[in-house]
2 protein chains.
Amino acid sequence: MTNIRKTTQVAPLVGQDEHARCKALGRVLDRIGDKWTIMVVGGLSKGPMRFNALLRLIDGVSHRMLTLTLRGLEQDGLVKRTVYPTVPPKVEYELTAVGRSLIEPLSTLSSWAEKHLPAIEAARVTKEEEASAAGG
Amino acid sequence: MTNIRKTTQVAPLVGQDEHARCKALGRVLDRIGDKWTIMVVGGLSKGPMRFNALLRLIDGVSHRMLTLTLRGLEQDGLVKRTVYPTVPPKVEYELTAVGRSLIEPLSTLSSWAEKHLPAIEAARVTKEEEASAAGG
DNA sequence: CAGCATCCCGGGAGATACTG
DNA sequence: CAGTATCTCCCGGGATGCTG
């Protein structure tokens with residue numbers, strides 16, 4: 001993988017193995033594309049955090065779903081779970097090296113989001129209005 | 001956009017508005033994180049393509065879901081739909097400028113995927129084995 | 001060839017209650 | 001405080017059949 005350079009600027013998805021890349025991308029999105037994962041990663045990107053701190057930070061997540069999301073991330077080696085055997089129990093979660101490595105590509109996407117989301121959501125509304133104008 | 005430089009290397013998600021960025025990222029993933037969208041974008045990244053060509057290219061997608069996915073992308077202004085009033089009908093889909101702009105961040109994520117997916121999926125299997133060893 | 005409507009199933013995810 | 005189990009509802013998405 002030493003010969004993987006930043007070759008193309010505009011369309012690196014194109015090529016012989018473009019299909020394979022899409023599939024890999026698909027698997028990643030299967031993992032991080034669910035409802036809560038990126039919120040958790042984002043929260044932990046600041047540093048280790050306790051369960052209830054995440055629960056309060058991530059608006060709308062349920063106790064159960066946070067548990068499941070963290071379990072998934074832990075299982076995939078993206079998050080490390082540390083239990084402090086105190087009373088009451090204290091459990092801290094933090095990103096692993098792999099988990100932290102995810103922040104950069106996510107940030108790229110985030111920048112794209114900030115730049116293009118307004119146009120996208122505007123387009124969506126416009127099309128909806130067109131549709132209802134034509135249909136009703 | 002001229003003052004957007006490659007400033008941070010490691011944790012651009014961190015900061016005052018880190019939460020807002022997560023939310024924007026969440027909305028993008030809501031859009032592209034579904035089962036077929038990135039496959040369609042990947043397919044169209046090579047150039048315009050007809051409905052049935054996409055149907056054959058994207059393994060496993062149903063007629064119905066491809067239609068819905070394309071409609072969604074069209075509504076969000078990521079894909080342009082062109083109907084040629086021939087017999088039989090011919091409909092071509094292609095990425096818009098915004099749609100093409102998505103390729104680059106997706107490519108970043110794709111590179112990450114290629115690099116880290118093996119470790120992730122290995123970790124997953126390992127943890128599963130641990131769990132079944134402990135549980136039964 | 002392209003698109004829409006209908007039926008139907010499985011899984012994602014919330015609420016709640018219990019355990020350590 | 002942290003985690004698990006159960007019930008339940010809702011909707012994503014596959015199969016199929018009709019239209020132009």
Side-chain angles (χ1 to χ4, degrees), chain A residues 26-27 29-40 43-44 48-76 79-94 124 127-128 130-132 134-136, chain B residues 26-27 29-40 43-44 48-76 79-94 124 127-128 130-132 134-136:
Chain A
R27 302 174 86 86
L29 288 182
D30 260 12
R31 248 305 157 235
I32 68 169
D34 66 75
K35 204 169 176 180
W36 303 113
T37 291
I38 53 126
M39 293 299 179
V40 171
L44 294 180
M49 211 180 253
R50 297 183 60 172
F51 184 88
N52 273 343
L54 280 168
L55 197 61
R56 277 185 297 270
L57 177 71
I58 303 174
D59 200 65
V61 72
S62 66
H63 191 138
R64 168 194 156 85
M65 284 317 295
L66 182 55
T67 302
L68 290 180
T69 302
L70 286 166
R71 284 288 172 281
L73 286 168
E74 189 196 359
Q75 177 159 343
D76 285 357
V79 160
K80 177 160 171 283
R81 177 172 177 266
T82 310
V83 181
Y84 298 92
T86 57
V87 178
K90 173 181 169 180
V91 181
E92 266 192 357
Y93 293 90
E94 63 185 310
R124 191 180 309 175
K127 295 276 181 169
E128 271 168 10
E130 280 176 16
S132 57
Chain B
R27 302 175 86 87
L29 288 182
D30 261 12
R31 246 283 153 253
I32 68 170
D34 66 75
K35 203 169 175 181
W36 303 112
T37 292
I38 53 126
M39 292 298 178
V40 172
L44 294 179
M49 213 179 252
R50 296 183 61 172
F51 184 87
N52 273 343
L54 280 169
L55 197 61
R56 277 185 296 271
L57 176 70
I58 303 173
D59 200 64
V61 73
S62 66
H63 191 138
R64 169 193 157 84
M65 284 317 296
L66 182 55
T67 302
L68 290 180
T69 303
L70 286 166
R71 283 288 173 279
L73 286 169
E74 189 196 0
Q75 178 158 345
D76 285 358
V79 160
K80 177 158 171 284
R81 177 172 177 266
T82 309
V83 180
Y84 298 92
T86 58
V87 177
K90 172 179 168 181
V91 181
E92 265 192 359
Y93 294 91
E94 62 186 310
R124 191 181 308 174
K127 294 277 183 170
E128 270 168 10
E130 281 175 16
S132 57

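Since this is a predicted model, take the numbers as computed values, not measurements. First the proteins, then the strands, lettered A, B, ... as listed; each starts at 1.
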Review point. How does protein contact run along nucleotides 15-20 of chain D, one letter per nucleotide 5' to 3', with B for base contact, S for sugar-phosphate only, - for none, heavy atoms under 4.0 Å?
Key: B----B
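- Side-chain contact between A:K80 and A:E74: absent, with no pair of heavy atoms (C-beta onward) separated by less than 4.5 Å.
- Considering all non-hydrogen atoms of both residues, A:T37 and A:I32 come closest at CG2-CA, 3.9 Å.
- Rounded to whole angstrom, the span from the CH2 atom of B:W36 across to the C1' atom of D:dG14 amounts to 10 Å.
- When DNA chain C is scanned 5' to 3' for any atom under 4.0 Å from a heavy atom of chain B, the first and last hits are C:dC1 to C:dT6.
- A:L54 approaches A:V40 most closely through the heavy-atom pair CD2-O, 4.5 Å.
- Contact record, A:D76 with B:R124: OD1-NE, 2.8 Å, taken as the closest heavy-atom pair.
- Rounded to whole angstrom, the span from the CD atom of A:E74 across to the C1' atom of D:dA2 amounts to 13 Å.
- As rounded to whole Å, 15 Å separates atom P of D:dA5 from atom CE of A:M65.
- One atom, NZ of A:K90, and another, C1' of D:dG3, lie 18 Å apart when rounded to the nearest Å.
- Between A:Y93 and D:dC1, a side-chain N or O to OP1/OP2 separation shorter than 4.0 Å is absent.
- By the 6.0 Å contact criterion, CZ on A:R81 is enclosed, its count of non-hydrogen atoms from other residues, nucleotides or ligands being greater than 12.
- Listed here is the closest heavy atom pair of B:M49 and B:G43: CE-O, 3.8 Å.
- Closest non-hydrogen pair, B:M65 versus B:V61, comes out as CB-CG2, 4.1 Å.
- The heavy-atom pair separating A:W36 from A:D59 by the smallest distance is CZ3-O, 3.8 Å.
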